[in-house]
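In what follows, chains are A, B, ... by sequence order, proteins preceding strands, each numbered from 1. Here the structure is a predicted model, which means the values were calculated and not measured.
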Protein chains: 2
Amino acid sequence: MPKRVDHEERRTQIAEALVRVAGRCGLHAVGMRDVAAEAGVSLRLVQYYFQSKEKLLHYGLQHLAERFGERAAARVRAAGDDPEPRVMVEAVLKASLPTDEEGRTFHLVYTSYAVLSVTDQALAAQSFIDKPVAAEDAVTGLLQKAQEAHLTRPGMDARLEAISLLAMAAGLGTSILVGQRSAESAAAVLDHHLNRIFRGNGHDKALSTTPRSAPGPAH
Amino acid sequence: MPKRVDHEERRTQIAEALVRVAGRCGLHAVGMRDVAAEAGVSLRLVQYYFQSKEKLLHYGLQHLAERFGERAAARVRAAGDDPEPRVMVEAVLKASLPTDEEGRTFHLVYTSYAVLSVTDQALAAQSFIDKPVAAEDAVTGLLQKAQEAHLTRPGMDARLEAISLLAMAAGLGTSILVGQRSAESAAAVLDHHLNRIFRGNGHDKALSTTPRSAPGPAH
DNA sequence: ACGTTGATGGTACGGCTGTACCATGATGGT
DNA sequence: ACCATCATGGTACAGCCGTACCATCAACGT
């Protein structure tokens, strides 16, 4: 036999090429030849590891969701060891905002997939329900934990706020993508609502951009 | 000369065909032949009234935004003469939710255009900034009016809440589209936030689904 | 009355796309 | 040492797409 190649590795390499070119030219414009060129392999190879374009797209979405989860987890870790719930929620939400090139690609390509899945039932059957529900559950869990620790305003509905925050982040992300809004102003909107949900750290209004360096009133 | 035809009317007819087929098969999948067949005209006619596909898409987006504005206005009018600000805001927000077939098509095709415009600069130059900003201004104005009439909770930032509500409606709309959430639960989320923003009409929590048939406390 | 001009139909062409087929190194088991 | 087999390359094919070209019919101005 010839050199045995790790198929999963090659598939990952090609899938990442797919995401890159989709982020650059739009998912609708990607052809198998573009993916092959971006990955530095021949068209035949893409055919070899994915039998059809449909399977390539399928795997690409799976890979994208995975990478996005890793990105969010990394953001949370970057917030330090055992961070406050609010910081964790903030990290997750802002990871989904297209503030950098990676986030831009994620949001654009993911939205493209979402639009595709509406009319393409083969994509719809996939992870367009599971993944967001998982994110919703995660944020809901964080909010509930915070609620149990009395870190939130009284009378908060954890799941409802989680849904609201995620939907808002998604909507804001799209408006950033189309150039309607700046990433900073979108982040400010999210901050406002986090201030509304969580107690402490001062009032919920008009703390605007200036980060309070002084510690808030001792819990 | 032959029968003089109203070009604008024909263009509208074709543009509506474009929106219909895009809502059915996805904007990425629409070809000029599909549009022609849907409009009941020949391919040549589509070429005749729009010189290129790019111009057709351009006009289609313009038409879509226009029709969406009319839809929202109709919803507001349907709320009665001189309705409360809250009812008007609610009408605008829920008009953008894909609760019926028309709304589904609007949201899907509009989102498709948004995704396209990110990578297609010819589309980006168009109304993807003006239109949403107009909506944002409109909702902001309504909230400010309500605030001046002391119909809102104190300390509300009208523009910030307008941005939040619109972003949330957009995000919720997409989640409805992909089948993740029901239209009713999305509407409930919006209701919650309207209850949070506006004062009166009972408490802001747990009025859940039961519509209050009894009239609220006399203004 | 007639010819110019607007509206429409049919069709062909070049390019691109996904897929299939054939060929050929490279390598490990026997 | 050899051959079966994995990995890879090149290329051809059918189909669709947007666009362009040519033809035709109808009607208004003169």
Is the gap between the ring centers of Y59(B) and Y49(B) under 6.0 Å?
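Between Y59(B) and Y49(B), the centre distance exceeds or equals 6.0 Å.
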Spacing of [X] atom [atom1] relative to [N] atom [atom2], expressed in whole Å:
X      : N       : atom1 : atom2 : value
L43(B) : dA12(C) : CG    : P     : 14 Å
Q13(A) : dA7(D)  : CD    : P     : 14 Å
R11(B) : dT8(C)  : CZ    : C1'   : 17 Å
E9(B)  : dG6(C)  : CD    : C1'   : 16 Å
H28(B) : dC16(D) : NE2   : P     : 16 Å
K53(A) : dA20(C) : NZ    : C1'   : 17 Å
R10(A) : dC6(D)  : CZ    : P     : 16 Å
Q51(B) : dC21(D) : CD    : C1'   : 16 Å

Sugar-phosphate, base or nothing in reach of F50(A), heavy atoms under 4.0 Å
nothing
Is there a Watson-Crick or G-U wobble partner for dT30(C) with both distances under 3.5 Å, and if so, which one is it?
dA1(D)
With no angle test and no hydrogens, is the base of dG28(C) tied to the side chain of R4(A) by a donor-acceptor pair under 3.5 Å?
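Looking at the base of dG28(C), it does not pair with any donor or acceptor on the side chain of R4(A) (distance under 3.5 Å).
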Of all the choices, [options], which nucleotide is nearest to the side chain of [X] once you look at every atom?
X      : options                   : value
M32(A) : dG9(C), dA7(C), dG18(C)   : dG18(C)
L45(A) : dG18(C), dT8(D), dT8(C)   : dT8(D)
Y48(A) : dA7(C), dT8(D), dC17(D)   : dT8(D)
D34(B) : dT8(C), dG9(D), dC17(D)   : dC17(D)
Q47(B) : dC22(D), dT19(D), dG18(C) : dT19(D)
V5(B)  : dT8(C), dT19(D), dG9(D)   : dT8(C)
Y49(A) : dA7(C), dT8(D), dT19(D)   : dT8(D)

State plainly whether the residues [X] and [Y] are in salt-bridge range, i.e. N to O under 4.0 Å.
X       : Y       : answer
D191(B) : K94(B)  : yes
R75(A)  : D100(A) : yes
E101(B) : R20(B)  : no

With nearest nucleotide decided by heavy atoms, which residue, V30(B) or V41(A), maps closer to the 5′ end of DNA chain D?
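It is V41(A) whose nearest nucleotide is closer to the 5' end.
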Between dG6(C) and H7(B), is there an OP1 or OP2 to side-chain N/O distance shorter than 4.0 Å?
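Checking dG6(C) against H7(B), no side-chain N or O comes under 4.0 Å of OP1 or OP2.
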For a quick test of reading the model: is some side-chain N or O of R44(A) closer than 4.0 Å to OP1 or OP2 of dT19(C)?
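For R44(A), the contact criterion (side-chain N or O under 4.0 Å from OP1 or OP2 of dT19(C)) is not met.
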Would a 4.5 Å heavy-atom cut-off, applied to side chains only, mark R196(A) and T152(A) as touching?
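No, their side chains stay 4.5 Å or more apart.
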When the ring planes of Y110(A) and F128(A) are compared, do they come out parallel, tilted or perpendicular, using 30° and 60° as the limits?
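Y110(A) vs F128(A) ring planes: tilted.
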